[in-house]
Amino acid sequence: MARELKRNFARANYLKIDFTLSDLTSFVALCGALLLVMGYVRIFVLGGYFGFPFQNYFGVADYLASSLNLTGQVLLGGLLAGVSGYTTIATSNSYSVQQTELETYSRSARAARIGFHLGGIGAIVAAPLAYFRLGVFDTISALGALVYVGIFILGRASVAFFENPVKAYVAMSMVYFSFAATLTGAFGEINRLNHPSSGSPTRVLQFEGERYDEKEWQIIAFTTDYVILRNRQTTQLIVRARKELKAVETDTP
């Protein structure tokens, strides 16, 4: 009974979250801006890794199309921002000493805290090991490591430097988590290009006087005006005009 009274008293002393209509419209505007920026980030990562000047081949329509494909990453960033904001900032932003005590010493809180730190540290170790030992980008571990570090840093920065830490944390973490999801997604795409699964169908691009089999060529990107390919053996890059593309055939193993 005493424990329940403490819990109820603690909850009553939380600083209320005062999101207004203007905050919601700002949130929608932030989502739109993030889609455009993350579309650029994805293309920047692919261009930097495969070594082609993406700015010469990608136009405004291509950035818009790429950003629409990243809606899931931005939504994931918003979900992570909301969940981590509730769990991280709620206790830090509470006036209640009792609630802090309950969060620190209860068995469930200690178990959750230990699991969170073990998972985060494990992800930090696993991501570089997978890359340097196996030669692949472990996108799940990389995303977990980025989320772990981000929650730790952004939570403390929001409380220390902002008058309204909840709003500050949600805004900053949404940008950060969207970036993390987009970055790991881009490297996951690089994984699929470098290490295609053996049972997946491959494409054959038929151009005027030339054909490119996906078994020998990586199909990096289709833009509005170009098709960008890279030879798997020689790493030679070829950019063909899309208007020269006559057919795309699918070869099922």
Side-chain angles (χ1 to χ4, degrees), residues 25-79 136-137 139 142-143 146 174-197 199-253:
T25 56
S26 299
F27 176 79
V28 173
L30 177 61
C31 289
L34 280 176
L35 282 173
L36 292 175
V37 173
M38 294 306 125
Y40 177 85
V41 169
R42 172 185 170 274
I43 294 172
F44 177 84
V45 171
L46 292 176
Y49 182 86
F50 290 112
F52 65 88
F54 62 92
Q55 65 272 11
N56 294 341
Y57 306 114
F58 285 80
V60 175
D62 301 309
Y63 290 115
L64 290 174
S66 179
S67 66
L68 291 177
N69 292 330
L70 296 173
T71 304
Q73 279 86 335
V74 174
L75 291 177
L76 176 61
L79 178 63
V136 297
F137 297 103
T139 56
L143 180 59
L146 290 172
M174 185 170 179
V175 174
Y176 175 82
F177 292 141
S178 297
F179 174 80
T182 301
L183 185 65
T184 54
F187 281 107
E189 191 172 347
I190 292 171
N191 270 346
R192 290 189 293 272
L193 288 170
N194 288 337
H195 308 283
S197 58
S200 61
T202 57
R203 292 169 293 179
V204 179
L205 306 186
Q206 184 66 50
F207 287 87
E208 294 178 352
E210 192 68 53
R211 67 196 307 269
Y212 300 91
D213 193 326
E214 199 170 9
K215 295 176 182 177
E216 301 175 0
W217 293 85
Q218 295 170 310
I219 303 174
I220 306 299
F222 285 92
T223 73
T224 304
D225 300 315
Y226 303 99
V227 179
I228 303 172
L229 307 107
R230 181 174 183 263
N231 189 279
R232 295 186 184 277
Q233 298 297 326
T234 65
T235 69
Q236 176 191 9
L237 278 169
I238 289 182
V239 180
R240 299 293 302 262
R242 188 162 181 171
K243 62 183 180 182
E244 298 176 357
L245 180 63
K246 298 303 181 182
V248 179
E249 303 171 3
T250 302
D251 183 14
T252 304

Do Y212 and N231 have side-chain atoms, one donor and one acceptor, less than 3.5 Å apart?
->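 Note: Y212 and N231 side chains miss the donor-acceptor criterion.
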Would you say that [X] contacts [Y] through its side chain, given a criterion of any heavy-atom pair below 4.5 Å between the two side chains?
X: E249; Y: R203; answer: no
X: D225; Y: Y57; answer: no
X: Y176; Y: L146; answer: yes
X: E244; Y: E210; answer: no
X: F222; Y: L245; answer: yes
X: L229; Y: V227; answer: yes
X: Y49; Y: N194; answer: yes
X: I238; Y: W217; answer: yes

How many angstroms lie between atom [atom1] of [X] and atom [atom2] of [Y], to the nearest 0.5 angstrom?
X: I220; Y: I190; atom1: CD1; atom2: CD1; value: 8.5 Å
X: I228; Y: Q218; atom1: CD1; atom2: CD; value: 12.5 Å
X: D213; Y: I219; atom1: CG; atom2: CD1; value: 8.5 Å
X: L46; Y: F187; atom1: CG; atom2: CZ; value: 9.0 Å
X: T223; Y: N56; atom1: OG1; atom2: CG; value: 11.0 Å
X: R240; Y: K243; atom1: CZ; atom2: NZ; value: 11.5 Å

Cation-pi geometry met for R230 and F50 (6.0 Å, 45°) =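 Not flagged: R230 not positioned over aromatic ring of F50.
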Look only at the side chain of E214 and the backbone of V204, and say whether a donor-acceptor pair between them is shorter than 3.5 Å.
-> no
Indicate yes or no for a side-chain donor-acceptor contact from N191 to the backbone of F137 under 3.5 Å, with no hydrogens or angles considered.
-> yes
Look at the aromatic rings of F54 and F58 and report parallel, tilted or perpendicular, splitting at 30° and 60°.
->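 The rings of F54 and F58 stand perpendicular, inter-plane angle above 60°.
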Answer yes or no: does atom CD of Q233 have more than 12 heavy-atom neighbours from other residues, nucleotides or ligands under 6.0 Å?
->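 Not buried by this count: 12 neighbours or fewer within 6.0 Å.
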Is it true that atom CZ of F179 has more than 12 heavy atoms of other residues, nucleotides or ligands lying nearer than 6.0 Å?
->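 Not more than 12 within 6.0 Å, no.
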Evaluate the side chain to side chain contact (heavy atoms under 4.5 Å, CB included) criterion for residues H195 and V136: first the C-alpha distance (whole Å), next the side-chain angles of each, then the deciding distance (0.1 Å), finally the verdict.
-> CA-CA 9 Å; H195 308 283; V136 297; 3.9 Å; yes
L237 and G51: which non-hydrogen atoms are nearest, and at how many Å?
->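 Taking every non-hydrogen atom into account, CD1-O, 3.4 Å.
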Go through the steps for R232 and E216 under the test side chain to side chain contact (heavy atoms under 4.5 Å, CB included), then give the verdict.
-> CA-CA 6 Å; R232 295 186 184 277; E216 301 175 0; 5.8 Å; no
